[in-house]
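All values below were derived from every heavy atom in this structure, side-chain atoms included, with hydrogens, water molecules and symmetry-related copies excluded. Throughout, protein chains are lettered first and strands after them, A, B, ... in sequence-line order, and every chain is numbered starting at 1.
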2 protein chains.
Amino acid sequence: MSIHSLTMKQTRTNLSDADTRREAIIEAALLAFADAGFQATPVTAVAARAGISQAYVFKLFPTKEELFIAAVERCFTRIEETLEKSAQTVSSGDADAMLYAMGDGYASLIADRSILMIQVHAQSASDVPAIRATMRGGLKRIVTYVKQRTGASDEAVQRFIAFGQLCHLITTTDIDELGEDWARLVARGIRHVPAI
Amino acid sequence: MSIHSLTMKQTRTNLSDADTRREAIIEAALLAFADAGFQATPVTAVAARAGISQAYVFKLFPTKEELFIAAVERCFTRIEETLEKSAQTVSSGDADAMLYAMGDGYASLIADRSILMIQVHAQSASDVPAIRATMRGGLKRIVTYVKQRTGASDEAVQRFIAFGQLCHLITTTDIDELGEDWARLVARGIRHVPAI
DNA sequence: GCCGATAGTGAGTATTCACTCACTCACCAT
DNA sequence: ATGGTGAGTGAGTGAATACTCACTATCGGC
């Protein structure tokens, strides 16, 4: 695929249209699957969002599973980009400050829910081997990246991941919109950047 | 319903009473839904597990949604029971020791995966309002129970919940069966009681 | 023995959806 | 102009499945 686009590059003035379409479809899939999950989202919903016929989606992604996996992979890529951006706002010495900044960055990334929900849905669909493998791969990327980039202790990194998961629980249950004491306890210290 | 079963209690032969069947169905639902989630589990699977016709399952639980919710509720009940049992093994003064014991108890409860997976699936299906409400109710029960019973600080209770969520991630991705460094970092200190 | 009620089911129906296929169209090199 | 290639689609198909209904079986009480 990449070889193909490379060899084509000289003869074509325009970039390959199929790759552009793939992009559009992945972005549409990210949003569509985030809404209702792997099983409950028909690929017609993805196609409609991308403004493309369902048949062509299947030509580019032969199965719904591959389509979903592409969306999950994209989600992890976006998380890494966000963490890196946060890291750059902090001097490279202070591990805790960098972890904190990354936490902030992640909190605002998931403010629009789709990045968060894709992960929750992928976790739920992880009885499908390829999906579980993708989740494992994504987690590995993030953990090793955070550990190396911040140089924080194992405990701190583990805590970082654990509180990320807590964010997911808070959002899926909507408890941050609840005024009750127990809810404030759970959501304490979790930052919110309201979605625009 | 309970009045009825009381008056009927003396007599029985071939047919069982509806409450017994409800019980059997909820237990079957717990296992069946844990396998594949709300959307991907047909209620025929629940019926088959309970050894009952699908039509009768629908007579007792008018919609699949209600059936799933019953399973989720049962899951939270079982968690509470387990936490209480753990609490009783520890003297009532030491909040940290009690939280620790509860963590242990929870870890062995979710060793068989079904209690854990139901929660993950429920989280994923939480765009269904009634399911989200059930999750919120269950979380409320657990948080308020743990806080009151242990008397631990808000921070400690929040951490307890966060690391529970981390357990879910570890299990769904199977990373505890991985020898790699990053995986050990994430799973460090999480206890495992192997399923029998 | 029969009656009223409760337990229980076989055989549907209507719909949704993953995936397929035969086809058209736009473009470009010869 | 022509033929070849890749982008793109309309119209299916077959299987799965949530839910229904008309029906039978079993029971306790009289």
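Looking at residues two or more places apart in sequence or on another chain, you find a side-chain hydrogen bond (donor to acceptor under 3.5 Å, both in side chains) between A:Thr172 and B:Gln123. Applying the salt bridge (Lys or Arg N to Asp or Glu O under 4.0 Å) rule to B:Glu84 yields the partners B:Arg149; only residues at least two apart in sequence or on another chain are considered. Every salt bridge (Lys or Arg N to Asp or Glu O under 4.0 Å) that B:Glu180 has, sequence neighbours left out, goes to A:Lys140. Residues satisfying the side-chain hydrogen bond (donor to acceptor under 3.5 Å, both in side chains) criterion with A:Glu65, sequence neighbours excluded, are absent altogether.
Every pair passing ring pair (Phe, Tyr, Trp, His ring centres under 6.0 Å) that includes a residue from residues 60-98 of chain B is listed here, sequence neighbours excluded: B:Phe33-B:Phe68, B:Phe38-B:Phe68. Listed by first then second residue, pairs satisfying side-chain hydrogen bond (donor to acceptor under 3.5 Å, both in side chains) with a partner in residues 44-62 of chain A read A:Asp35-A:Arg49, not counting sequence neighbours.
Within residues 47-58 of chain B, the residues having any heavy atom under 4.0 Å from DNA chain C are, by residue number, B:Ile52, B:Ser53, B:Ala55, B:Tyr56. At a non-hydrogen distance threshold of 4.0 Å, A:Thr63, A:Lys64 from residues 63-75 of chain A come into contact with DNA chain C.
Within the structure, every side-chain polar atom (N or O) of B:Arg21 is placed at least 4.0 Å from both OP1 and OP2 of C:dA7.
Put simply, CZ on B:Phe33 is 12 Å from P on D:dT17, counting in whole angstrom units. Rounded to whole Å, the distance from CZ on A:Arg22 to C1' on D:dG8 is 16 Å. With rounding to whole Å, B:Leu60 atom CG is found 8 Å from C:dA7 atom P. Rounding to whole angstrom units, CD of residue A:Gln39 and P of D:dA16 are separated by 14 Å. Computed from coordinates, the A:Phe61 CZ to C:dA18 P distance equals 15 Å when rounded to whole Å.
Checking C:dA7, C:dA18, D:dA18 against every side-chain atom of B:Asp17, the shortest atom distance belongs to C:dA7.
Mapped onto DNA chain C by nearest heavy atom, A:Lys59 and A:Phe38 fall at different nucleotides, with A:Phe38 at the one closer to the 5' end.
B:Val57 and B:Leu31 end up in different hydrophobic clusters when Ile, Leu, Val, Met, Phe, Trp and Tyr side chains are linked at under 4.5 Å.
Annotation for B:Ala122 and B:Ile131: closest pair O-CG2, 3.6 Å, computed over non-hydrogen atoms.
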Let me have the donor-acceptor pairs involving side chains of residues 94-102 of chain A, under 3.5 Å, with sequence neighbours excluded, atom names and distances please.
{"residue": "A:Asp94", "atom": "OD1", "partner": "A:Asp96", "partner atom": "N", "Å": "3.2"}
{"residue": "A:Asp94", "atom": "OD1", "partner": "A:Ala97", "partner atom": "N", "Å": "3.2"}
{"residue": "A:Tyr100", "atom": "OH", "partner": "A:Arg191", "partner atom": "NH1", "Å": "3.4"}

